[in-house]
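All remarks here apply to the structure that follows.
The figures here come from the full heavy-atom set of this structure, side chains too, leaving out hydrogens, waters and symmetry mates. Residue numbers count from 1 along this sequence.
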Amino acid sequence: MGAVSGIVAAVAGLAFAQLAAAAVRPESAPVTAVGGTAVDLTPVAVREWAIRLFGTSDKLVLTLGIVAVLAAVAALAGLLAVRHLPAGIAVAGGFGLLGAAAALSRPEATWRDALPSLVGGLVAAGVLYLLVRAVPWPRPAGAPPSGSPRTGSGGGSRAVDRRGFGRLVAGVLAASVAAGFAGRRLGAHGSAGATASRARFLLPPPTVPAPPVPAGADLRVPGLSPFLTPDRDFYRVDTALVVPRVDADTWRLRIHGEGVARPLTLNLRELLSRPLVEHDITLTCVSNEVGGPYAGNARWLGVRLADLLREAGVRPPSRGGPADQLVSRSVDGMTIGTPLEAVMDGREALLAVGMNGEPLPFAHGFPVRMVVPGLYGYVSACKWLTELRLTTFGAYDAYWVRRSWAQQAPVKTQSRIDTPRPYADLAPGRVAVAGVAWAQHRGIERVEVRVDGGPWQQARLGAADGVDTWRQWVWPWEATPGRHTLEVRATDGTGAVQTGARAGTVPDGATGWHSVEVQVKALG
């Protein structure tokens, strides 16, 4: 019953903390704050292992892990409180202080962010006191033992009977459910303005529309990734345990820093008054292992970032500008450092507001995000954008650079086999081996496939949609019975052949040829 008391107290604390967070901001909730701090403190190798193992579910796994640890400690606090009430209460309240410290350590935090965890700690301590005092257990005759939390009338009396204790637990849980539900509803109401602003938001027509996707760009091979990735299937890798919901009506972008002759602060209407460009761009995460899933291709709509910077009087380093780094900041405090020269060298670097003909989904950065072709996302693709600051690489390290990743990271040439899948059982005869290859801002010139280390065979490429998107490819293979290994490599638009040397993702992206092992059944 002591363990039950501790767990119920923790549930109550989290529920009332959630209710308090609705009045502050969702990121201030204890589990979210502790989870964000855990992400920041996690070594790179462990984080990459989690991404490989859990994929885009890594945040859910982290949250469940935090809850599991909290439940275990809460049970121990309850057991401790049965024997020594002040110590058990101190443990319960201590978790509130831990959550408050985590909340205050988050980017953009204010003193108010500590309040939900403090409320949760106080509620948990109070509920634990109430329940442990009511735990039905027989006492020896006479005064209660030293350190006992009970002060009953002695003589084997009980605080309450088991049924009464059960009713008390049920009442606490009912109140907790009500508080948690109210917190969720109020939190949803708090983000209702953002949801409504996205629902009202109509994408303006592009001033420079993208041409139609070329005929033959999508080879339509079963099992092959579609040429344009639907929003729902587009990968998401970031550190936000709670997806920020930004109200488009109150959104602002500030542009300032070294070499900014005319600082700008724009709202969304003012940003959209500039010419809008539509462009197909493939994005890739630096955490993508060889053959991994963290690449996607979409049609983006936005304002040319270079034009906006020139409007602010910014010159790139090649033209004598003092800054060489553009630091973008998200509403949740994430910072991403982008080479200024790459942004202003003529490529279609965008402040995007649309994705595949719709406003950006919240999970992909609504209302405004950065998209820069040719660079890995961690140095180019800031979501929920709110600030652009000009500085130098020598003066400032962005979030991921402080965690062992390279300052500058152009996308490396990669190719992937989508079909057949690893360890597939195939019938002998002709098999379509197909996949995608990418080398953003250089383009793909050739893709080759080989079987069991034999000679390289040239695959047929889908039509090119510029140099900033991936290309599909297919190679017809006459499969013979037995176990076989398929490998693929690509050549980019400069004539450079993808290296076969294997390297991990840290510090600037994985290298190597993707291979798939399959089994071809014997005839008959």
Give a yes or no answer on whether the side chain of [X] reaches the backbone of [Y] with a donor-acceptor pair at less than 3.5 Å.
{"X": "T499", "Y": "A501", "value": "yes"}
{"X": "D492", "Y": "A496", "value": "yes"}
{"X": "E278", "Y": "A210", "value": "yes"}
{"X": "R262", "Y": "E311", "value": "yes"}
{"X": "E341", "Y": "S318", "value": "yes"}
{"X": "H514", "Y": "I417", "value": "yes"}
{"X": "D324", "Y": "P317", "value": "no"}
{"X": "R236", "Y": "H364", "value": "no"}

Side chain to side chain, [X] and [Y], heavy atoms closer than 4.5 Å:
{"X": "V488", "Y": "W473", "result": "yes"}
{"X": "Y235", "Y": "T229", "result": "no"}
{"X": "Q407", "Y": "Y396", "result": "no"}
{"X": "T338", "Y": "Q325", "result": "no"}
{"X": "L350", "Y": "M370", "result": "no"}

Under a 3.5 Å threshold, yes or no: a donor from one side chain and an acceptor from the other, between [X] and [Y]?
{"X": "Y376", "Y": "N288", "value": "no"}
{"X": "R245", "Y": "T195", "value": "yes"}
{"X": "H279", "Y": "D468", "value": "yes"}
{"X": "T392", "Y": "E258", "value": "no"}
{"X": "R442", "Y": "T413", "value": "yes"}

Quiz prompt | F234 six-ring face occupied by R232 cation (under 6.0 Å, within 45°) | solution = no
Practice problem: Identify whether NZ of Lys or CZ of Arg in R483 sits under 6.0 Å from the centre of the six-membered ring of Y423 and within 45° of that ring's axis. | Solution: no
Quiz item: For atom CZ of R502, is the number of surrounding heavy atoms from other residues, nucleotides or ligands below 6.0 Å larger than 12?
Solution: yes
Exercise. Count the heavy atoms of every other residue, nucleotide or ligand shown that sit under 6.0 Å from CZ of R402, and state whether that count exceeds 12.
Key: yes
Please determine whether a side-chain nitrogen of the Lys or Arg among [X] and [Y] lies less than 4.0 Å from a carboxylate oxygen of the Asp or Glu.
{"X": "D40", "Y": "R106", "result": "yes"}
{"X": "K412", "Y": "D508", "result": "yes"}
{"X": "D280", "Y": "R299", "result": "yes"}
{"X": "D465", "Y": "R471", "result": "no"}

Quiz item: With T469, which of N297, I281, V213 fulfils side chain to side chain contact (heavy atoms under 4.5 Å, CB included)?
Solution: N297
Quiz item: Among Q498, E448, Q414, which one satisfies side-chain hydrogen bond (donor to acceptor under 3.5 Å, both in side chains) with R489?
Solution: E448
Quiz item: Any chance the rings of W384 and W251 have centres within less than 6.0 Å?
Solution: no
Practice problem: For S328 and E387, run side chain to side chain donor-acceptor pair (under 3.5 Å): C-alpha distance rounded to whole Å, both residues' side-chain angles, the deciding distance at 0.1 Å, then the answer. | Solution: CA-CA 6 Å; S328 50; E387 179 188 5; over 6 Å; no
Quiz item: So T207 and R274, side chain to side chain donor-acceptor pair (under 3.5 Å) or not? Walk me through it.
Solution: CA-CA 9 Å; T207 309; R274 276 76 178 168; over 6 Å; no
Exercise. For the residue pair W477 and W475, categorise the inter-ring angle as parallel (less than 30°), tilted (30 to 60°) or perpendicular (more than 60°).
Key: parallel
Quiz item: Do the ring planes of W405 and Y378 sit parallel (below 30°), tilted (30 to 60°) or perpendicular (above 60°)?
Solution: tilted
